[in-house]
J.: 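Below you'll find the structure I mean.
Every chain is numbered from 1, with letters handed out A, B, ... down the list of sequences.
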There are 2 protein chains.
Amino acid sequence: MKKTAQIFQALSDETRLRVMKLLQERELCVCELIQVLEMSQPRISRHLSVLKNAGLVNDRREGKWVYYSLKKGAENDDVKPILETISLVANDDSVVRNDNKNLKKAVRLSEIEGCCSSRKRG
Amino acid sequence: MKKTAQIFQALSDETRLRVMKLLQERELCVCELIQVLEMSQPRISRHLSVLKNAGLVNDRREGKWVYYSLKKGAENDDVKPILETISLVANDDSVVRNDNKNLKKAVRLSEIEGCCSSRKRG
DNA sequence: AAAATATATCAATATATCTTTATATATGTA
DNA sequence: TACATATATAAAGATATATTGATATATTTT
């Protein structure tokens, strides 16, 4: 009950919904999210920690970077319909569309010259 | 996007989740919710207005009473997976179980002697 | 019309949440 | 070891949300 409320609470913020939509595309590190969403680092980190505490995302460190991804699997089956709902958030939503455009750009840049100073992507 | 955040926001409160769970059982008037949840009238009314503004519930007046029910239908298909999720909120959750018990008692009373002073149920 | 009941809304206060600025920690590199 | 980069966390102020107590509105009953 409390847990469910917490999950909804985590998703009740537009920034965090945008993060969830982006993570549906691919795993992303914090610095990529900063680029795509054009927000300050502490702000992004804080939102990510809310999502993490709600059990909606996973994080793993790889060198200097921390990668976030949607949490999937058995332990999280009750979250599936919620993720479906987020999927339904219109992809024709202008904000989401723009985020996806920025994401492609960020990934392209990171492949050419590395984003966030000098990272190369696997 | 904003709309979706609003829906999640509406569901991010334990009291409102309890209301949604109860409305999954049956349409209920405010005074019944007051009895079942054992909360003040303004408090319940306020929460109901949040759910209504998010498009999650419908209200209809019948005499002195205002009945609330889950909003269903085409206009609300994007809410379906959310309602599924609420269904998943364990029925073995002690709070939910107790609410359902109170609901049965309230309905029984209302059939015998009318709840909220002297209402008789259809 | 007056009284009673059911519900909604408002004003005030308490509490939680978000954002920013500053600082801490972790990792890699010179 | 010192420095730079990536991320996390904390303190402070701004904003939003929840609760309570008082009052307003709608409807029925007398």
J.: B:Tyr68 versus B:Glu27: any side-chain heavy-atom pair under 4.5 Å?
T.: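 No, side chains not in contact.
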
J.: I need the CE-C1' distance between B:Met39 and D:dA18, as an integer number of Å.
T.: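 Rounded to whole Å, this separation is 11 Å.
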
J.: Tell me: CG of B:Asp59 to P of D:dA26, nearest whole Å?
T.: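 Distance, rounded to whole Å: 15 Å.
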
J.: Measure the distance from CD on A:Glu32 to P on D:dT5 and round it to the nearest whole Å.
T.: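 To the nearest whole Å, that distance equals 18 Å.
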
J.: Can you pull every protein N or O that's under 3.5 Å from an N or O on nucleotides 16-25 of chain C?
T.:
from	atom 1	to	atom 2	distance (Å)
C:dC18	OP1	A:Arg16	NH1	3.3
C:dC18	OP1	A:Arg16	NH2	3.0
C:dT19	OP1	A:Arg43	NE	3.4
C:dT19	OP1	A:Arg43	NH2	2.7
C:dT19	OP2	A:His47	NE2	2.6

J.: Rounded to whole Å, how long is the line connecting atom CG of A:Leu51 with atom C1' of D:dA8?
T.: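 About 15 Å, once rounded to whole Å.
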
J.: B:Glu62 CD to D:dT27 C1': how many Å, rounded?
T.: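 Those two atoms, CD and C1', are 13 Å apart.
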
J.: So does A:Glu14 pair up with A:Arg16, basic N to acidic O under 4.0 Å?
T.: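 No.
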
J.: Roughly, in whole Å, what's the span from CZ in A:Arg60 to C1' in D:dA8?
T.: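 In whole Å, D:dA8 C1' lies 18 Å from A:Arg60 CZ.
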
J.: Expressed as a whole number of angstroms, how long is the span from B:Lys64:NZ to C:dA3:P?
T.: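 After rounding, the gap between these two atoms is 16 Å.
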
J.: Treat each ILVMFWY residue as a node, draw an edge where side-chain heavy atoms are under 4.5 Å apart, and state whether B:Leu48 and B:Val50 are in one component.
T.: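 No; tracing contacts between hydrophobic side chains, which count when under 4.5 Å, never links both residues.
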
J.: Walk me through it: do A:Asp59 and A:Lys52 pass the test salt bridge (Lys or Arg N to Asp or Glu O under 4.0 Å)?
T.: CA-CA 8 Å; A:Asp59 62 340; A:Lys52 186 181 164 187; 3.1 Å; yes

J.: Find the distance between OG (B:Ser12) and CD (A:Gln6) and round it off to the nearest 0.5 Å.
T.: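 B:Ser12 OG to A:Gln6 CD: 11.0 Å, rounded to 0.5 Å.
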
J.: When the distance from CD1 of B:Ile34 to P of C:dT5 is rounded to whole Å, what number comes out?
T.: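 In whole Å, C:dT5 P and B:Ile34 CD1 are 14 Å from each other.
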
J.: Would you check if the side chain of B:Lys21 reaches a backbone N or O of B:Asn100 as a donor-acceptor pair within less than 3.5 Å?
T.: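 Not at all, since once roles are kept as given, no pair shorter than 3.5 Å links the two residues.
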
